[in-house]
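Each chain gets a letter, A, B and so on, in the order its sequence line appears, and its residues count up from 1.
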Amino acid sequence: MAAVQETIDRVKSIDVSEYKYGFFSEIESEKAPKGLNEDIVRFISAKKNEPEWLTEWRLEAYRRWLTMQEPRWARVAYEPIPYQELYYYAAPKTAAGPKSLDEVDPELLKVYEKLGIPLNERAILAGVEGAAEASSRVAVDAVFDSVSVITTFKEELAKAGVIFCSISEAVRTHPELVRKYLGSVVPPTDNFFATLNSAVFSDGSFVYVPPGVRCPMELSTYFRINEKNTGQFERTLIIADKGAYVSYLEGCTAPKRDENQLHAAVVELIALDDAEIKYSTVQNWYPGDAAGKGGVYNFVTKRGDCRGANSKISWTQVETGSAITWKYPSCILRGDNSRGEFYSIAISNGHQQVDSGTKMIHLGKNTTSRVISKGIAAGASQNTYRGQVSSHRKATGARNFTNCDSLLIGNDCGAHTVPYIEAHNHSTQFEHEATTSKISEDQLFYCMQRGLDAEEATALIVNGFVRDVLQQLPMEFAVEAQKLIAVSLEGSVG
Amino acid sequence: MLDVRNLSVSIGDREILKDFNLTVADGEVAAIMGPNGSGKSTLSYVIAGKPDYEVTSGEVLLDGENILDLSPDERAARGVFLAFQYPVEIPGVTTMTFLKATLNAIRKQRGEPELSIPDFMKRVNAAAAKLDIKSDLLKRAVNVGFSGGEKKRMDIFQMAFLEPRFAILDETDSGLDIDALRIVADGVNALRTKGRSFLVITHYQRLLEYIVPDKVHVMAGGRIVRSGGKELALELEKNGYRDYVEAEVA
Ligand SMILES: Nc1ncnc2c1ncn2[C@@H]1O[C@H](COP(=O)(O)OP(=O)(O)OP(=O)(O)O)[C@@H](O)[C@H]1O
Ligand SMILES: [Mg+2]
């Protein structure tokens with residue numbers, strides 16, 4: 001959201017009206033009835049003018065999904081999800097959104113204020129009915145981004161040969177790439193939520209970086225056309241061809257309110273020989289009100305395939321939002337000498353439940369992986385690290401280092417560490433370190449004696465605790481994340 | 001400056017300060033000496049506002065205002081500083097970040113704007129020069145992996161940086177080598193002004209040769225049992241606390 005003020009200023013200096021009808025008009029109305037069946041799947045596919053193979057692909061996924069059980073092994077508890085009561089395509093905007101800011105959870109509004117989000121944008125984030133239409137400046141801002149900034153941005157990328165577009169667009173413009181790679185890392189049969197996503201995915205990003213190309217800028221969802229409408233079943237596919245490099249940023253620090261309680265995204269990364277992908281996420285979906293009601297269920301499948309030799313995939317995540325998080329960004333280390341990394345900060349407060357971690361699957365020779373996880377639990381939240389590290393019989397010389405630290409704030413929260421470690425050859429070296437600590441009264445008092453109030457002191461200590469991971473984030477993301485950490489912990493100390 | 005009146009403090013059901021009285025005038029350096037466990041650190045914690053201590057009676061007045069109901073950070077904003085007997089480690093937070101956060105927090109409470117980066121750096125460098133602090137220490141996490149002496153010196157450096165009005169030094173000298181002791185003492189002496197007072201807690205008269213106190217108080221069994229000038233420290237060094245402890249027991 002950093003660009004907002006600047007963009008607004010720039011919009012003011014141009015003729016606004018020419019951007020009035022850009023991208024939003026056609027999205028408005030179309031909607032499928034609620035519930036899920038084969039017709040709905042066909043409807044979604046038809047709406048997107050998809051080729052037949054993709055329609056069939058979705059239908060197969062849907063049929064498979066009908067036979068699957070929702071996973072229950074995570075340490076999270078929630079009421080059964082009424083799948084037939086949900087909308088799977090362009091949920092109608094008029095469905096029970098707040099009528100004005102007065103109806104929005106005041107705590108949420110306070111958070112917006114603290115993050116410095118402009119007033120009119122707060123209404124949009126909070127899902128107030130008609131806010132986007134009423135607030136011309138913001139609408140223009142969004143369109144402006146889509147049209148103008150995006151154009152320069154895309155020109156730069158095109159010069160480098162990088163393809164960056166929505167996945168629906170890629171299906172039309174680069175069908176051979178999509179068909180080759182879609183579902184090749186997370187197969188449509190992978191797990192209950194990924195299979196559901198395969199059947200009904202709405203939209204998401206597509207990135208292809210050609211051989212030997214270093215993507216000239218960090219790619220961010222912020223710059224993607226129609227980002228608002230990717231919906232609850234986002235699908236992202238990123239391919240770094242031989243010797244290519246790309247860094248991708250996902251998310252936004254503003255807690256976005258969404259009527260769709262269930263989010264089931266799939267992200268697939270593919271790195272060929274000598275390629276590197278760096279994927280950073282800041283996730284701050286609405287966590288629900290003080291009683292934990294109304295928050296987002298974030299059931300995501302993210303997986304990277306180090307398919308080529310000497311390839312590298314690195315996940316960095318800052319997870320502060322959502323009522324429930326179920327997320328394990330993983331790496332399949334297939335290529336010899338490939339490397340996987342996972343850096344995570346997961347903060348839970350209030351009644352949030354986080355079950356997150358990673359899988360490092362060592363298949364190739366001399367593959368290495370590194371896992372640094374920092375879990376912070378406050379309030380009445382539950383925070384679980386769940387991680388799997390395994391080496392195949394043929395993965396000689398596999399090495400992993402895992403460090404997993406948990407910090408507890410207060411007495412009503414819980415932190416749990418669940419490692420699964422399997423080595424199937426003798427030359428494997430796996431190291432696992434885990435600590436759990438409470439934020440110490442002595443540290444708090446020391447900081448407060450020097451002038452920090454209780455919340456500032458807590459935020460400072462927590463920022464110190466997560467420093468190793470913050471350093472992995474691109475600079476501007478790191479600064480925002482730091483602020484976000486402070487805001488997320490508010491109300492956690494007495 | 002500071003007026004402690006009839007202060008009684010307990011932890012659990014144990015009374016540690018018993019009807020304690022002490023006055024420190026503006027610009028005065030007062031020393032407190034006393035046997036282990038007599039309540040010196042407790043006194044400094046209660047003045048600074050550490051939770052867990054139950055004040056059963058009395059007041060702590062700073063410039064006439066009772067500060068006992070204020071939070072530790074509010075007291076810090078009023079100029080109270082405590083150099084800890086055991087400074088605390090804060091992993092992952094560099095000293096530089098910490099200094100900036102503390103100064104800005106204090107300024108915010110006082111309704112002053114944040115210091116600009118150049119002004120902040122000037123202030124850091126001035127304090128670092130006074131206490132001979134190498135810049136690589138400032139880039140390391142607060143007190144993490146510091147030697148005992150380095151921790152003490154860093155706390156005094158923070159004092160020089162924050163420029164408090166009323167500073168308590170709790171056994172700052174223990175753990176310092178001879179050179180460091182002199183540097184720290186010089187640092188403290190440089191800060192002595194009419195408007196700033198110090199309460200220096202120590203077991204050794206040697207520190208008081210460098211930081212010459214205006215008054216020396218002997219504390220035993222949770223109260224001041226004798227007060228005098230700087231010569232009292234010499235007498236204690238010779239005779240120990242036996243007389244006072246026995247008097248207390250009787
Ligand atoms: N948290 C606590 N719980 C129980 N007893 C405590 C606690 N803190 C201090 N005490 C007791 O209170 C008494 C005074 O302790 P304090 O640390 O104030 O002594 P001191 O004069 O600073 O001693 P020293 O010279 O060894 O530093 C001691 O007997 C100590 O054991
Ligand atoms: Mg003591």
Is there a side-chain contact between A/Tyr446 and B/Phe98 in this structure, where contact means two heavy atoms from C-beta onward sitting under 4.5 Å apart? yes
Report yes if the distance between the aromatic ring centroids of B/Phe84 and A/Phe445 is under 6.0 Å, otherwise no. yes
Does the side chain of A/Phe465 reach to within under 4.5 Å of the side chain of B/Ile90, using non-hydrogen atoms? no
Heavy-atom count check: over 12 atoms from other residues, nucleotides or ligands less than 6.0 Å from A/Arg386 CZ? yes
Part of A/Glu456 lying under 4.5 Å from any heavy atom of chain B: side chain
For a side-chain contact (heavy atoms from CB on, under 4.5 Å) check, start with the C-alpha distance between A/Gln449 and B/Val80, then their side-chain angles and the critical distance, and finish with the verdict. CA-CA 8 Å; A/Gln449 201 300 302; B/Val80 174; 4.2 Å; yes
Does the side chain of B/Glu74 reach to within under 4.5 Å of the side chain of A/Met448, using non-hydrogen atoms? no
Pair count under 4.5 Å, heavy atoms only, with chain A: among B/Asp73, B/Thr97, B/Thr102, highest is B/Asp73
Below 4.5 Å from any heavy atom of chain A, which atoms of B/Ala77 appear? Answer side chain, backbone, both or neither. neither
side-chain contact (heavy atoms from CB on, under 4.5 Å), that's the test. Do A/Arg450 and B/Asp155 meet it? Break it down for me. CA-CA 10 Å; A/Arg450 300 295 143 92; B/Asp155 246 29; 3.1 Å; yes
If you count every heavy atom of other residues, nucleotides or ligands that lies below 6.0 Å from B/Asp136 atom CG, does the total exceed 12? yes
Write down the atom of A/Asp442, the atom of B/Lys50, and the distance for their closest heavy-atom approach. OD1-NZ, 3.3 Å
Heavy-atom closest pair, residues B/Ala105 and A/Leu452: CB-CD2, 3.6 Å
Looking at B/Pro87, B/Pro51, B/Gly92, which one has more heavy-atom pairs under 4.5 Å with chain A than the rest? B/Gly92
Chain A contact via B/Leu162 - which portion, at a heavy-atom distance below 4.5 Å: side chain
More than 12 heavy atoms of other groups within 6.0 Å of B/Glu112 CD: yes
Name the region of B/Gln158, side chain, backbone, both or neither, that has any atom closer than 4.5 Å to a heavy atom of chain A. side chain
Note: vs chain B, highest number of non-hydrogen pairs under 4.5 angstrom among A/Ile461, A/Leu470, A/Leu460 is A/Leu460
